[in-house]
Amino acid sequence: MNNPETYLLEMNGICKSFPGVKALDGVDLKIRPYSVHALVGENGAGKSTLMKCLFGIYEEDAGEVIFNGQRVHFSNPRQALDYGVSMVHQELNQVQDRSVMENIWLGRFPMKGIIVDSRKMYNDTKKIFEDLSINLDPEAIIGTLSVSQRQMVEIAKAVSCHAKIIVFDEPTSSLTEVEVRHLFRIINKLRDDGCGIIYISHKLEEILEIADEVTVLRDGKWVYTGKCEGLTIDKLITLIVGRELNNRFPPKRIQPSEEVILRVENLSGEYMPTVVDASFELRKGEILGVAGLMGSRRTETVETLFGIRKRKGGNIKLNDKKIENNNARESKSNGFALLTEERRQTGIFPTLDITFNSMIANIDKYTNKLGVLNEKKIAEDTKWVIDALSVKTPGCKAKIQNLSGGNQQKVIMGRWLLTEPTIMLLDEPTRGVDVGAKYDIYQLIIECAEKGNAIIFISSEMPELLGISDRIMVMSNGRVAGIVDAKTTTQEELLRLASKYL
Amino acid sequence: MKRLLSVILVCVMLLSLAACGSGNKPGPSQSSTPSASQSAEPTKPANEKKPVIGVAIFDYSNNYVTYIRNSIMSVGGDKADIQMVDAQNDQAKQVEQIDILLSKGVDVLCVNAVDPKAASTIISKAKAADVPIIFFNRSPSKEDMLSYDKCWYVGTTPEDSGRMQAEMAMEAFKNDSKFDKNGDGVLQYVILKGTLGHPDAEARTNAVQETFANAGFKTELLDVQPGDFKTQTAKDVTDVWMGKFGDKIEMILSNNDAMLLGAIEAAKAEGYFSGDASKVMGAIGINALPEILPAIKDGTIIGSILSDAYSEGLNIFTMAYNVATGKDVYEGVEIKPDDMKAIRVPYIPISKDNVNVAEEMYAKALNK
Amino acid sequence: MKTFISPSKLLKQHSIKDVIINNAIYIVLFFLFLTIVLIDPSFLSLKNAGFILSQSATRMIFACAIAGPIVLGGTDLSAGRLIGMAGLITASLLQSPDYTARVFPNLPRLPIWIPILLAMIICALFSLIHGFLVAKQKVAPFIASLGMQLVVYGLMSVYFDAVSDSAPIGVLDEKFTGFAQNGITILGFRLQYIILYAVVVVALVWFIWNKTKLGKNMFAIGGNIEAANVSGVNIVFNMLAIYVMAGLLYGFGGALEVARTGSATNALGQGYELDAIAACVVGGVSMRGGIGTIKGIITGVLLFQVISYGLVFIQVNPYLVYFVKGAIILIAVVIDTKKYIKKK
């Protein structure tokens, strides 16, 4: 049965329609044991829908699922888990205030009569952690762990169910380089144990590194399945986008001037973990990339600068004039804009429409003295956001929660562009965004810089940092470890700086 | 700064509370909770030993009981140390309060039970402490009353108010032909009932219908709807009646005056009760509240049935004082007790001719 | 074997199902309405429509008021008691000058706007405190409003006891009752002024919700408070403004309520907040915050009023009225949740 030539899981001819949309149209996906199978495609290509059909969250309209040679139909994720089909989610659904082991065994606690057998639970957890070389205390509270550690817990949970198929949905989107290495070691181990792994990601470098096979979806249709050997990133991009994308990064035509627009001196935050004693300057027309490991407090730095975290000390000088930026309103009026890292938590207003999501930060400009809004101006600006950022949406009345992640991100970019900021703080603006949309966002960032504004650009993806930044500031443990020229630096130098204060 | 602000806020609110509560009135403001009176006790002159009377009220916000408690205070406030507590319509709370009163050593307990079924619990507590007990307003069962020799009841016969209301309706209908609007000799009427399942509401509503039946009086009951004893609910219900029956209604009989006030307001919008001779509708309430007296006086409504809160309060205090000072319990009580040791204070029908009786009663109850 | 279903047929099936889910509450209510009319066809009259509208008037004001805190993601359990307090204050200051047993015998006859304004200001003050606790002190709205409910009830009861010995305050100035109850009759349809006030208030609230910065900020805070903060919305100020607006409306509505019914006790307003919240929920205001329309709220109020009026009209067992209302609320909440889950 574990013959590598037979398939562990087959999904054949899956179709799924929603009102007005054909989300999946005869999609095939075949997973072999002892292999990692990458599933790629732009946002909205149907990857998530396909997985939801597999786990019974959606009922497919047509098609069949064959697992271990048997026709199966899961009616919910729990049932799938019982069969050994498991998923490590992009957004981790865990009980924040309970321990690691309770989260792993939730719903199937080992019992001794009517009492939960904590000792067995602890030992079993410990054993799984040892097998996977995860260094975690089973009794640690989930909420105190890092994203990477929580992901490890999810993997351990899958292993504890003897999962044969494990789906990883964007597993590295919140991980640092070091953590990604660790994850890959675990994935490789799972593969060697005979698991079939479905690996969903937008990061093509990773896919070529970890995956054995790849399936490409585009617009709800199956496009390609094949071995990863011999594939190149460019070829993969062509398959995903359906056209050739000659450059992954748009060209930057104008160089930043020498004129310093923002000077930050000894910036420190009040409540730990936070930025410590950071000093840097930003020039007109410049894109300053910010690199660092997870927990290097890049987010805290820009949030302190923007005033939504309390500042303890340090000066901020805009055009040599001291400013305070005590809260978001003040920063906004000083010409700052912040695109936050957590799009869902602090970016979108999910239940409200595109219009609302576009205009909210700029609301003062639409308001007359009586607080009444100018709807015509709002409609015009919303149209600009949709057109200029090529947001894919049925219209300006669509709720933003119904758009794909990349399009949501574009709307929020548009929201801040409407305030005509001089300093843009972008915190992971391309996370979870597909290749095509990424290019659009790079273009916007560069255009914005070319107009003489300055941009701070946080990213965990080395290629894009090197691709569009002028200079790169590396942070380590809340401090500035160094600022280097993006043209001359190397990934090795950045990594060395990133671990300077650890 | 934030903290300071909130502290100031709380202080202001407490101050305003205290200011409101310290108005010098004979009523509940002088009454004290057990805990409060403990601290107040040392300030009293200790030369004369006053009997201590514990009074447990079922709900301070009940209008009629408020008159009773005011009467008790105005009659006996000087002669005895009256400790009054409010159960806020919660029987469990009342039992705890009675425990506290007993442990403080009251000479006698006056109890307005939240739930008359709980009387046996209260009696056994009083019995154990050998404290006499006088129930009032809400009657325990005969069995419970007879289970303890030092236990009496002061109240009314709820059916009487309904009976008197029906009698008043019959008299008005017979004497004044304008109420028989369709001239068929049958009284078309509606009843505004109190809260469903409330003993008074059930007793009054049934008594009205029985009295009509026993008298062989021809009636047609158009509808009975609960108005929860509240003005607002009654107004909404009467709106519906105006829409459904309109001029068919010859008389509205309400379980209490608060509801009748709402009914009048609703009917007024249709032209009734506003002096228009062509728009006739009879209305009779129960309680004879001060607010309804002007309407009785000027003939807008037929009348109401006065519950004599003052006499109830007077009898409660007299009996309590008697047992506390070792006298015969019925000394000075004019009404004869019935077979369950209950003193039944009669209702008084109030119509245009005797509004002054009600006015005098309120003056006495409030000691004005 | 699964039979193949053509996509177009699928689409159609989905949309019918969606239509049913999205309008289930209206469908249920329509059938109730139909039942009422079938049992007693005389229910369909302009006179009844006039009564239903005038009974809905204050309830619309209350629902529009309480919807603000709900859209902000909270709730306001103190609403009913504030309404009652406003009613008590206006009633005590606006008794008929001819009535000898007034609670303030020496009070001159006031123009009616003075007590109404006073009631509005007092309610706004209490709502301001409530808003302050929620917005600035981050007290959970449920608890804060529960506390406020008791505080307000205590204060109003003390006032009630002090001024009128806990007897209902009635015999109001006819100018005042007329302010709400008078009106014009057109072809048997009686348009009481109180309906006009409600229309004005609803229009005003609609305008604030849809056309002003305050309204947009309210939805932003309710939809995602963190994102609103990052976007530079002044959270505390806007929340306070919404709470104060609610307070002003409780005050105005409470005064109208007492003018409508002609008397007040400290029991006035008890449970009104629950009726208002129920109407909001039935009208599609999400208890999670960030979602709601004035149109929905008004529909909710009207439907509730049609049902409660109609059930009395056809003389069903009064206990059954509770059952029907409860069932409607539950259906509405289930549908609300269904819509939410679908969007995930």
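The shown structure was predicted, so the numbers you read here are calculated from the model rather than taken from an experiment. Reminder, nothing fancy here: chain letters follow the sequence lines and each chain counts from 1. Just so it is clear, the values below take in all heavy atoms, side chains as well, and ignore hydrogens, waters and symmetry mates.
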- Query: Just checking, is any N or O donor in the side chain of C/E257 or B/Q232 under 3.5 Å from an acceptor N or O on the other one?
  - Reply: no
- Query: Is C/Q181 reaching over with its side chain to a backbone N or O of B/A269, donor-acceptor style, under 3.5 angstrom?
  - Reply: no
Against chain C, label [X] side chain, backbone, both or neither, depending on which of its atoms sit under 4.5 Å from a heavy atom there.
X	value
B/L289	side chain
B/K230	side chain
B/Y64	neither
B/D298	neither
B/E359	neither

- Part of C/T177 within contact of chain B (heavy atom distance under 4.5 Å): side chain
- Out of C/N182, C/V312, C/V321, which one racks up the most heavy-atom pairs below 4.5 Å with chain B? C/V312
- Query: Pick from C/G170, C/G262, C/P168, C/S164: which one has the most heavy-atom pairs with chain B under 4.5 Å?
  - Reply: C/P168
- Considering all heavy atoms of both residues, which atom of B/G243 and which atom of C/F51 are nearest to each other, and what is their separation? N-CE1, 3.5 Å
- residues 83-95 of chain C: residues contacting chain B (heavy atom under 4.5 Å, by number): none
- Using a cut-off of 6.0 Å, state whether more than 12 heavy atoms not belonging to B/K297 lie near its atom NZ. no
- Query: Counting heavy atoms not belonging to C/F237, are there more than 12 under 6.0 Å from its CZ?
  - Reply: no
